Amino acid sequence: MTLTVTDLTIARGGLPVLAGLSFAVSKGQALILRGPNGAGKTTLLRTIAGLQEPIGGAISGAEDQIAYAAHADGLKAMLSVRENLEFWAEVFGQDGVDAAIKTFNLTELGDRLAGTLSAGQKRRLGLARLLVTGRPIWVLDEPTVSLDVASVALFADAVRGHLATGGMALIATHIDLGLEDAQVFDVGPFAATMDTPRGASDEAFL
Amino acid sequence: MTLTVTDLTIARGGLPVLAGLSFAVSKGQALILRGPNGAGKTTLLRTIAGLQEPIGGAISGAEDQIAYAAHADGLKAMLSVRENLEFWAEVFGQDGVDAAIKTFNLTELGDRLAGTLSAGQKRRLGLARLLVTGRPIWVLDEPTVSLDVASVALFADAVRGHLATGGMALIATHIDLGLEDAQVFDVGPFAATMDTPRGASDEAFL
Amino acid sequence: MMSAILPDLGKYAMPVLASYGSGLILLIGLVCVSVWQGRKAKAALDAVESKDQSDA
Amino acid sequence: MSLWKYANPVKFLHLSERVLPTLWVLSIACVATGLVWGFFFTPDDFRQGSTVKIIYLHVPSALMAINAWFMMLLASLIWLVRRHHVSALAAKAAAPVGVVMTVIALVTGALWGQPMWGTWWAWDPRLTSFLILFLFYLGYMALWAAIEDPDSAADLTSVLCLVGSVFAVLSRYAVNFWNQGLHQGTSIPVATGERSVADVFFVPLVIAMIGFGLLFLALVFYRTGTEIRLRRTKALLAREART
Amino acid sequence: MKALLLRDLRLAFRAGGGFGLGLAFFLIVVMLVAFAVGPQAELLSRIAPGVLWIGALLACLLSLDRLLALDFEDGSLDLLATAPLPLEAALSVKALAHWITTGLPLVVVAPALGVLLNLPPQGFAWITIALLVGTPALSVIGTFGAAITVGIKRGGLLLSLLVLPLYVPTLIFGAEVARRGAQGMDVSTPLLMLAGITFGVLACMPFASAAVLRVNLR
Amino acid sequence: MKALLLRDLRLAFRAGGGFGLGLAFFLIVVMLVAFAVGPQAELLSRIAPGVLWIGALLACLLSLDRLLALDFEDGSLDLLATAPLPLEAALSVKALAHWITTGLPLVVVAPALGVLLNLPPQGFAWITIALLVGTPALSVIGTFGAAITVGIKRGGLLLSLLVLPLYVPTLIFGAEVARRGAQGMDVSTPLLMLAGITFGVLACMPFASAAVLRVNLR
Ligand code: HEM
Ligand SMILES: Nc1ncnc2c1ncn2[C@@H]1O[C@H](COP(=O)(O)OP(=O)(O)OP(=O)(O)O)[C@@H](O)[C@H]1O
Ligand SMILES: Nc1ncnc2c1ncn2[C@@H]1O[C@H](COP(=O)(O)OP(=O)(O)OP(=O)(O)O)[C@@H](O)[C@H]1O
Ligand SMILES: [Mg+2]
Ligand SMILES: [Mg+2]
């Protein structure tokens with residue numbers, strides 16, 4: 001089982017942002033996406049998660065395999081930490097809520113309403129959600145925003161654990177996560193130029 | 001002109017989080033706040049900015065001197081980058097919109113609607129707002145979230161420029177900003193314990 | 001004076017004149033607004049295109 | 001080479017530049033002829049008096065108000081199926097023209113109703129569904145205006161247009177389903193060739209109807225051009241900012 | 001599916017969840033009408049069925065903007081769209097939860113409010129039946145409107161503009177049932193029409209809603 | 001101050017800003033009433049002034065949740081509260097912008113909608129005057145409600161619940177002016193009361209609004 005991206009072109013707001021992307025992630029591997037602000041990392045991850053269509057190229061192996069986590073954590077402020085996780089566990093037909101809570105050091109916060117957490121605590125809860133999806137491919141957009149150093153380490157451990165059980169991870173980030181054997185993929189060189197028209201909608205008008 | 005905090009106790013959600021804080025920041029100085037997730041940095045900054053009342057201690061020198069920037073950038077998605085800045089400049093009775101745009105490398109994005117920026121670009125715009133307030137004390141809550149390395153450097157330069165003209169900065173952050181001569185203040189040791197009852201509202205019931 | 005030009009509308013002068021008046025105003029208004037918008041769009045496009053040209 | 005080639009924005013602009021002058025002249029001439037003829041040179045009706053003159057505005061505008069929606073429906077379907085941008089923009093461009101037609105029909109109808117029915121407005125099926133159609137026009141335009149991403153806006157408004165067509169059909173054919181309304185039935189049944197409107201009124205009416213149709217076409221062509229230019233401006237600016 | 005239903009219900013009953021507000025709004029609209037029209041018992045009793053329907057409809061409408069927008073803003077919809085649950089089913093479940101928390105309570109209290117408006121006694125049963133048959137359509141059509149406007153910040157008014165015309169047929173037949181019932185006339189034709197609309201809408205709308213929602217999540 | 005007013009107006013006219021939607025909603029409410037009550041001209045003309053007032057009131061109400069909540073969510077309110085501008089002034093300016101974009105258009109179209117409801121001709125002037133005098137109060141009271149509910153996600157319904165009772169006096173006197181005017185009776189007493197309410201509210205409410213907003217920002 002491999003996630004393969006071949007000659008992918010993606011667009012945002014009617015214009016292509018990245019073109020000609022190809023990479024593959026296989027079992028137990030992590031791929032770190034890098035690139036300056038506005039390069040198109042978020043767009044790429046949303047495309048891979050199936051939330052938007054690519055305008056060219058192909059993605060294989062992603063169908064129903066992906067757990068996506070973006071800036072917005074999808075937390076309900078009026079449900080407790082545990083209830084939030086239980087909901088997602090049930091949607092994905094999994095259990096393991098307790099393990100997830102433990103992994104991200106949320107034990108003491110279990111009965112707090114998610115709305116009363118600090119920025120970093122919310123983020124930890126958002127990441128704990130990944131563990132209850134049971135999905136093999138984690139697609140993460142700047143997962144460590146607001147996390148302190150200890151929590152970043154927790155997160156890195158969680159990713160290592162996931163990889164060790166045959167999972168994969170695709171992570172866009174600006175900081176160093178301390179994942180030693182992760183490949184790094186810089187999207188910078190693939191920025192779409194004037195002459196990569198591939199059918200993004202604005203191009204009909206250029 | 002100095003910002004002085006004396007024996008400050010602050011509460012969040014009805015319970016004290018930090019107690020006995022004292023520090024001072026004077027002209028041209030920057031103070032970096034550190035502390036694990038949930039320590040109370042956000043609460044402290046909101047108190048200093050005057051958005052909530054401390055439950056003990058005193059803050060002096062802050063009145064009408066503060067430019068506050070938090071996670072939410074206060075951007076209007078349907079106004080352009082320039083219009084957003086112009087609005088705040090006018091509210092604070094300042095100009096210098098062009099300089100702010102240049103400082104944060106937003107020149108090319110000037111006419112884009114703020115809603116169509118990427119996460120990091122939005123953040124840059126949020127920080128550019130600081131330059132058009134004309135206020136001497138910058139109170140910043142995790143200002144570098146989502147910024148790439150180049151943009152973090154831009155930000156550090158902007159802070160240095162601000163300090164050089166006699167400004168001050170109070171910054172909560174988890175990463176290293178590269179501000180060489182900034183003092184660091186760890187709030188960890190000041191965590192409120194069971195026996196620091198100072199009048200937070202829930203305590204009447206303990 | 002007017003009656004020389006206008007046909008005799010009898011007791012229904014008000015509704016008939018009002019209909020023609022409002023109808024024509026709306027039609028002419030629509031055409032004018034469309035043309036105004038069209039001109040503006042053209043000018044904006046020309047400005048951008050000429051800038052493009054000078055860049056290249 | 002097929003008709004679809006005009007779905008290319010630039011080709012469309014060239015085409016519209018060629019046909020527009022003729023269209024403008026023809027349509028304005030027809031509208032003016034129909035209205036002037038109708039207003040100055042037709043006799044009063046023995047029953048309705050001079051109010052019949054309102055027919056030259058009311059019927060063509062009501063006709064085009066409904067036809068405009070059907071045209072938008074067609075354009076929306078083309079967009080949904082073949083994703084030609086010009087057709088989405090044509091639907092967008094037609095809506096304001098449609099609303100103005102609707103308003104004219106509503107206003108003239110109300111002004112006509114006062115002397116004829118003794119009331120400005122009645123809640124009869126045709127009038128009611130026509131008013132709902134008016135609301136759909138408003139909603140349609142508001143939706144276009146509210147959504148930033150042009151492709152999403154085109155998709156969503158197309159779905160809305162499909163749904164709203166129910167009321168366009170009703171306002172034309174409601175009279176056939178329910179016959180309790182106050183409003184006139186069809187006065188010009190094309191199929192049977194039988195006419196309830198006398199010839200003196202008929203000729204200018206037809207000229208006015210043709211005129212309104214041509215005017216609609218001219219306006220839609222012109223406004224579609226405007227929309228294309230706006231879109232192109234935006235695309236060029238976006239590309240500049242991006243590169 | 002069950003998890004989603006339970007979560008939505010639970011959220012509705014938590015603080016700030018809005019359960020009961022629809023009811024209160026219903027009550028207030030009825031009161032406002034009484035104030036605005038003036039206290040003429042005979043006049044009120046003539047307009048009572050219509051006013052009850054309008055109140056129910058507006059109460060339903062005002063709660064629609066919470067239906068999807070909250071989930072959209074906090075990212076839950078993105079996550080739901082990537083979850084192993086067809087979007088059509090998810091939307092139907094959400095519409096059901098909306099009906100249980102909004103439509104059903106309205107049906108239950110409508111007769112009580114009828115008293116305030118001098119509704120003739122034989123009308124009580126019919127207004128209840130009419131609302132019971134009609135309100136599910138309101139929730140489902142409303143879901144469609146909510147899905148179309150989900151990307152628009154505070155799109156409440158636009159939502160109303162899009163949804164209310166679609167509510168008109170339900171309203172016309174529903175009010176007709178209630179009015180005829182109150183006057184002791186035969187209600188079968190409008191009741192059949194009302195049921196027809198509800199079933200038609202239940203069968204088709206979820207697909208339209210899911211389609212537009214996918215566009216909006218893009 | 002001017003900057004804030006201009007920004008609010010500009011945002012209202014931009015895409016998604018909601019200008020014009022209030023009007024559309026007003027039209028729809030009027031239509032719905034006609035559908036629900038049934039097309040009896042004489043009945044409609046009796047309830048017309050009241051219905052127009054309710055329509056205006058609801059249209060105003062529905063646009064309230066955009067008044068502060070958007071600024072709260074994106075953090076603008078926090079920043080405004082730390083800006084060199086008294087919060088009272090900022091809120092008054094926002095209320096003014098709300099009135100210009102919502103109340104004023106309603107006043108202008110009310111007579112046209114009166115036609116749909118068979119309002120007697122002598123009523124047109126009075127409904128316009130009544131709305132012109134009364135709607136500023138609606139915006140200012142609404143600002144207070146918006147300030148109270150600003151922290152609550154999608155608090156639209158709760159907002160309605162808090163604000164509508166406060167609207168009742170305005171509604172009663174406003175509808176009375178319109179009704180008496182339509183029947184050719186003397187309107188001076190209710191008109192004076194209406195004007196009194198508006199002025200009182202304009203003078204006091206901004207302070208209350210600023211106070212509750214400060215609490216909510218805490
Ligand atoms: C506000 C009031 C009115 C509205 C909204 C209205 C609306 C309409 C509509 C929607 C049509 C159909 C156009 C089509 O199917 O293409 C129509 C046609 C027509 N209306 Fe009216 N109308 C109104 C009042 C009147 C009055 C008062 C009269 C005359 C006494 C009148 C005479 C006609 C005639 C003669 C036609 C052409 C019939 C046909 O070809 O089907 N209308 N109107
Ligand atoms: N809604 C939109 N409309 C138009 N352009 C957009 C829109 N959203 C993003 N963009 C543009 O698309 C490009 C890619 O954005 P994207 O969010 O994918 O960048 P990113 O790599 O995630 O950046 P960051 O590191 O800042 O999060 C950027 O140039 C951005 O300005
Ligand atoms: N609304 C609330 N109600 C109750 N408790 C809250 C609320 N918001 C935050 N807290 C708690 O108050 C404490 C301080 O929160 P604060 O947001 O100030 O932390 P922080 O230092 O900014 O953390 P982070 O680095 O994660 O942003 C935390 O323990 C948090 O759980
Ligand atoms: Mg991003
Ligand atoms: Mg914080």
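Letters go in sequence order (proteins before strands), and every chain restarts at 1. Treat the numbers as computed from the prediction; the structure is a model and nothing was measured.
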- Item | Gap between atom CG of L164(F) and atom CZ of F25(E) - 0.5 Å precision | 6.0 Å
- Item | Proximal component of L61(F), with respect to chain E [non-hydrogen, under 4.5 Å] |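 Looking at L61(F), just its side chain touches chain E.
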- Which of residues 169-187 of chain F get closer than 4.5 angstrom to chain E, counting heavy atoms alone? L171(F), I172(F), A175(F), R179(F)
- Item | Partner chain E: residue of I47(F), V51(F), L43(F) with the largest heavy-atom pair count (under 4.5 Å) | L43(F)
- Message: Is L57(E) in contact with chain F via its backbone, its side chain, both, or neither, using a 4.5 Å heavy-atom distance?
- Response: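 Only the side chain of L57(E) comes within 4.5 Å of chain F.
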- Which bit of I28(E) comes within less than 4.5 Å of chain F, counting heavy atoms only: side chain, backbone, both or neither?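 Contact with chain F is through the side chain of I28(E) alone.
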